[in-house]
Amino acid sequence: MIIAKIAESDEELDLNSLIEKLKGSDDRYEIGGIAVFLGTVKGLVEDGGKVLELDYESVKEAAEESLNKIAEEEKEKWGLRAVAILHRVGKLKPGQPTFLVVVAGRGRKEVFPALEEIVERVKKEVPIFKLEKREDGDYWIVGERRRVKREKK
Amino acid sequence: MKIKVKGFSIYSDILGELRELDLEGDITIGDLLSKILPEGVESEYGLVVFVNGKPSRLDYKIKEGDLLEIAPSFSGG
């Protein structure tokens, strides 16, 4: 089973029901391990800036296609039973969840490396963008870490 | 021909969030971007183009009604 989607910020990322869904697809009880990554909005970033809000947007169709591709490829590579990747867009406050990956497979030797690879790939391959709104101004995040201060409009 | 161009992230400040352009004759995405983007932004911020929601090459010939979405390096997570 694969679940890969862009979710709006008012849509909850419900981990328990997601795990139940993934387990429900395993009618032969082959799953021996489930690993989870939950990304949340940081309130304090590396350069000391205090974050008030992150505003995410995506090229939705391309982003969902890319999430599906990553899920399918990693499921195949690690022989997983099920993969879920959900990424929220819209305005999110510090502490709120942004990004949820759940992988279910035979055991830790499959699910841990698969989880890490999926998280890294989503950051690099999926057209999602964020604007960091901070006490000292707004910054576009370009690539993984570069911050470009937005000029006042 | 009329097309729409939308910038994402830092390109929304450079190009505008969504604007309509009226173009004449055959033109590729690369040709168009060389006219509407300041020099050097591609190497500075990265550049990925989507046409009607799909990733596209810069030598794609633009067609009537296309929606071009212009994006820098991705920053999800």
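The chains referred to below are lettered A, B, ... by the order of the sequence lines, with proteins before strands, and numbering in each begins at 1. Here the structure is a predicted model, which means the values were calculated and not measured.
- A continuous path of ILVMFWY side-chain contacts below 4.5 Å connects B:Ile29 to B:Val41, so both sit in one hydrophobic cluster.
- At a threshold of 4.5 Å between side-chain heavy atoms, the hydrophobic network of Ile, Leu, Val, Met, Phe, Trp and Tyr places B:Ile62 and B:Ile36 in one connected group.
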Step-by-step side-chain contact (heavy atoms from CB on, under 4.5 Å) determination, B:Phe50 to A:Val59
CA-CA 8 Å; B:Phe50 299 87; A:Val59 183; 3.9 Å; yes
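- The distance from the CZ atom of B:Phe74 to the OG atom of A:Ser66 is 7.5 Å, given to the nearest 0.5 Å.
- Hydrophobic clustering (ILVMFWY, side-chain heavy atoms < 4.5 Å, transitive): A:Leu100 and A:Leu92 are in distinct clusters.
- Here the side chains of B:Tyr45 and A:Val142 are in contact, with some heavy-atom distance below 4.5 Å.
- Ranking A:Lys60, A:Lys130, A:Arg88, A:Glu61 against chain B, the residue ahead of the rest is A:Lys130, based on heavy-atom pairs under 4.5 Å.
- In this structure the side chain of B:Phe8 reaches within 4.5 angstrom of the side chain of A:Glu57, judged on heavy atoms.
- Summarising the geometry, atom OH belonging to B:Tyr11 is positioned 10.5 Å from atom CZ belonging to A:Phe129; distances are rounded to the nearest 0.5 Å.
- Applying the side-chain hydrogen bond (donor to acceptor under 3.5 Å, both in side chains) rule to pairs touching residues 33-43 of chain B yields nothing, sequence neighbours excluded.
- Using a 4.5 Å cut-off between heavy atoms, A:Phe99 touches chain B through its side chain atoms alone.
- Atom OG in B:Ser9 sits 10.5 Å away from atom CG in A:Asp55 (nearest 0.5 Å).
- Crowding of A:Glu76 atom CD: a count of heavy atoms from other residues, nucleotides or ligands under 6.0 Å not exceeding 12.
- For A:Arg108, the CZ atom counts as loosely surrounded, since its 6.0 Å shell holds 12 or fewer non-hydrogen atoms of other residues, nucleotides or ligands.
- With a 6.0 Å radius and a threshold of 12 heavy atoms from other residues, nucleotides or ligands, B:Glu20 has its CD atom above the threshold.
- Heavy-atom distances place the side chain of A:Arg146, and not its backbone, under 4.5 Å from chain B.
- Scanning both residues, A:Ala62 and B:Gly53, for their nearest heavy atoms gives CB-O, 3.3 Å.
- Proximity of B:Asp13 to A:Glu151: side-chain heavy atoms (C-beta onward) are nowhere separated by under 4.5 Å.
- Only the backbone of A:Glu125 comes within contact range of chain B, with at least one heavy atom under 4.5 Å from a heavy atom of that chain.
- Residues A:Met1 and A:Leu86 fall within the same hydrophobic cluster, defined by Ile, Leu, Val, Met, Phe, Trp and Tyr side chains chained together at heavy-atom separations under 4.5 Å.
- Within the 3.5 Å criterion, the main-chain N or O of B:Gly76 finds no donor-acceptor partner in the side chain of A:His87.
- The neighbour count for A:Lys23 NZ, taken as heavy atoms of other residues, nucleotides or ligands under 6.0 Å away, does not exceed 12.
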Tell me, with the steps shown, if A:Tyr56 and B:Ser75 meet side-chain contact (heavy atoms from CB on, under 4.5 Å).
CA-CA 9 Å; A:Tyr56 286 91; B:Ser75 57; over 6 Å; no
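- Heavy atoms of A:Leu131 lying under 4.5 Å from chain B are absent altogether.
- With hydrophobic clusters built from ILVMFWY side chains whose heavy atoms lie under 4.5 angstrom apart, B:Leu18 does not share a cluster with B:Leu15.
- Using a 4.5 Å cut-off between heavy atoms, A:Val148 touches chain B through its side chain atoms alone.
- Interface with chain A: from residues 65-73 of chain B, residues B:Glu69, B:Ala71, B:Pro72, B:Ser73 qualify, criterion being any non-hydrogen pair under 4.5 Å.
- If you measure heavy-atom distances from A:Lys124 to chain B, the contacts under 4.5 Å come from the backbone alone.
- Neither the backbone nor the side chain of A:Thr40 comes within less than 4.5 Å of any heavy atom in chain B.
- Between chain B and the options A:Val126, A:Val119, A:Val122, A:Leu54, the largest number of non-hydrogen pairs under 4.5 Å is found for A:Val126.
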